[in-house]
Amino acid sequence: MSRFPNHRAIVTGAGQGIGRGIAERLFAEGARVLCVDKSGDGLATLPDDDRIKTLVCDVTTAEAPGAIIDAALAVFGAITVLVNNVGVGNAPPLHETTDEIYDFQLGVNLRPAFRLSRDVLPELRKARGNIVNIASSIGVSGYRRWAAYSAAKAGIIGLTRHMAAEYGPDGIRVNAVAPGIIATPQTEGRRDAPRFRATIVETMPLGHVGEVEDIAATVAFLASDEARFITGQVIAVDGGQTSSVFISEAMIEAWEKAHPAG
Ligand SMILES: NC(=O)c1ccc[n+]([C@@H]2O[C@H](COP(=O)([O-])OP(=O)(O)OC[C@H]3O[C@@H](n4cnc5c(N)ncnc54)[C@H](O)[C@@H]3O)[C@@H](O)[C@H]2O)c1
């Protein structure tokens with residue numbers, strides 16, 4: 001499969017987890033990929049190939065967008081795809097959210113995507129390129145705790161829809177993927193805890209956590225020309241987490257008792 005022979009992509013947070021899976025998938029399908037991460041450790045283990053370049057950069061800094069765009073243009077000469085993937089989970093409920101926590105959460109989970117998307121526009125206009133933002137199921141539906149994270153991820157969805165409307169006439173598409181619970185270092189320690197499994201994982205229609213490849217495949221589709229008529233969309237890749245209300249077997253039994261057949 002080679003859907004990206006002429007593509008030059010930027011993936012942020014590409015050192016591990018979902019971002020790495022996306023970078024590897026785009027690369028496997030023929031793209032040139034600039035992999036950005038604040039830590040050099042994961043970047044150092046990416047495939048050694050001329051089509052993969054790495055940049056150690058903290059995307060939260062004011063200089064980051066310029067540094068990332070300059071690096072991509074220096075090595076590839078153009079930018080056709082931007083994947084805004086950096087994000088940091090876990091946050092307390094609203095009544096425990098200090099201004100510092102709010103600034104941190106919005107500063108990592110929203111502002112870097114906002115700035116980089118804004119500053120890459122001239123290149124995307126030239127290339128008629130596209131952006132895929134990584135949101136979250138927690139930006140789509142309500143969730144306990146995670147107040148500022150929810151707000152930031154809902155902001156990512158708003159940014160996606162705004163940009164699709166504003167820049168569609170320039171030939172730029174902007175979509176988002178909202179992952180559910182995915183097996184990455186970020187969810188390690190929590191996703192296998194018995195109570196978490198019983199109350200969150202096993203209550204989803206598909207009943208298991210997702211893999212990085214599930215997100216990477218969806219991002220690759222959205223970034224490819226196969227999705228050329230799709231923009232402003234948020235695709236939940238979440239095992240059905242945001243699409244249904246959990247009904248336990250006990251509820252079904254109670255229902256059947258109250259409404260016997262015939
Ligand atoms: N894993 C999940 O279940 C899940 C669910 C919903 C949404 N998401 C979203 O998916 C994205 C990736 O999540 P993940 O689970 O792969 O995370 P992860 O923590 O496993 O990996 C994130 C990567 O981003 C890098 N990074 C963090 N802050 C950075 C910064 N300031 N500058 C540059 N790089 C930085 C880290 O070094 C790391 O390599 C995030 O936006 C996250 O919110 C994840």
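When a ligand or atom number is given, it counts from 1 through the structure's own listing order. Remember, it's a predicted structure, so these values are computed and weren't measured experimentally.
- Nearest protein heavy-atom neighbour of atom 34 (N) of ligand 1: K38 N, 3.1 Å.
- Atom 10 (O) of ligand 1 has I134 CG2, 3.3 Å as its closest protein atom, hydrogens excluded (heavy atom only).
- The side-chain contact (heavy atoms from CB on, under 4.5 Å) test with V59 singles out one residue from I68, N85, N84, V108, and that residue is I68.
- Close approach of ligand 1 to P185 (heavy-atom distance below 4.0 Å) involves ligand atoms 20 (O).
- Contact of the L222 side chain with the N130 side chain is not registered, since no non-hydrogen atoms from C-beta on lie closer than 4.5 Å.
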Inset, instruction - Please test S2 against E29 for side-chain hydrogen bond (donor to acceptor under 3.5 Å, both in side chains), starting from the C-alpha separation and ending with a verdict. - result: CA-CA 4 Å; S2 181; E29 292 202 42; over 6 Å; no
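- Inter-residue side-chain proximity for V83 and T12 is flagged as unmet; no heavy-atom pair is nearer than 4.5 Å.
- Counting protein heavy atoms only, atom 31 (N) of ligand 1 is closest to D58 OD1, 2.9 Å.
- Contact detail for I131 and M163: the closest heavy-atom pair is CD1-CE, 3.6 Å.
- Of all the listed residues (S39, G19, G87), G87 holds the heavy atom that lies closest to atom 22 (C) of ligand 1.
- Grouped by direct or indirect side-chain proximity (heavy atoms under 4.5 Å, Ile/Leu/Val/Met/Phe/Trp/Tyr only), F246 sits alone.
- Atoms of ligand 1 lying under 4.0 Å from at least one heavy atom of I181, given by number and element, are 3 (O).
- At the top of the distance list for atom 17 (O) of ligand 1, counting protein heavy atoms only, stands Q186 NE2, 2.9 Å.
- Short contacts between ligand 1 and T187, defined as distances under 4.0 Å to a heavy atom of the residue, involve ligand atoms 1 (N), 2 (C), 3 (O).
- Residues I172 and L121 meet the side-chain proximity criterion, which asks for heavy atoms closer than 4.5 Å.
- Residues P179 and I18 meet the side-chain proximity criterion, which asks for heavy atoms closer than 4.5 Å.
- The closest side-chain heavy-atom distance from I156 to N109 is not below 4.5 Å.
- Between I18 and ligand 1, at least one pair of N/O atoms sits closer than 3.5 Å.
- With respect to atom 6 (C) of ligand 1, the closest heavy atom belonging to the protein is P179 O, 3.3 Å.
- Residues R191 and T187 bring a donor and an acceptor atom of their side chains to less than 3.5 Å of each other.
- In this structure, T97 and P92 have side chains that are in contact, with non-hydrogen atoms separated by less than 4.5 Å.
- Residue contacts with ligand 1 for T184 involve side-chain atoms from C-beta outward but no N, CA, C or O (heavy atoms, distance under 4.0 Å).
- Contacts with ligand 1 closer than 4.0 Å are made by heavy atoms of both the backbone and the side chain of V86.
- Here N85 has heavy atoms under 4.0 Å from ligand 1 in both its backbone and its side chain.
- Here A178 has no heavy atoms under 4.0 Å from ligand 1, in either its backbone or its side chain.
- Between D37, V209, T60, I182, it is D37 that holds the heavy atom closest to atom 38 (C) of ligand 1.
- In this structure, atom 18 (P) of ligand 1 lies nearest to the protein heavy atom Q16 NE2, 3.3 Å.
- In terms of polar-atom proximity, defined here as any N/O pair under 3.5 Å, V59 does make such a contact with ligand 1.
- If you check each of G180, S136, G15 against atom 4 (C) of ligand 1, the one with the closest non-hydrogen atom is G180.
- No donor-acceptor contact under 3.5 angstrom links the side chains of D37 and S39, judged on distance only.
- With a 4.0 Å cut-off on non-hydrogen atoms, K153 touches ligand 1 through its side chain and not its backbone.
- Regarding atom 8 (N) of ligand 1, its nearest protein heavy-atom neighbour is Y149 OH, 3.8 Å.
- Side-chain atoms of T80 come within 3.5 Å of backbone atoms of R8 as a donor-acceptor pair (strictly under, hydrogens ignored).
- Heavy-atom proximity to atom 7 (C) of ligand 1, evaluated over G17, P112, A135, is greatest for A135.
- Of the protein's non-hydrogen atoms, the one nearest atom 24 (O) of ligand 1 is G13 CA, 3.4 Å.
- With a heavy-atom cut-off of 4.0 Å, C57 touches ligand 1 through its backbone alone.
- When hydrophobic clusters are built by joining Ile, Leu, Val, Met, Phe, Trp and Tyr residues whose side-chain heavy atoms come closer than 4.5 Å, directly or via intermediates, I157 is not grouped with V88.
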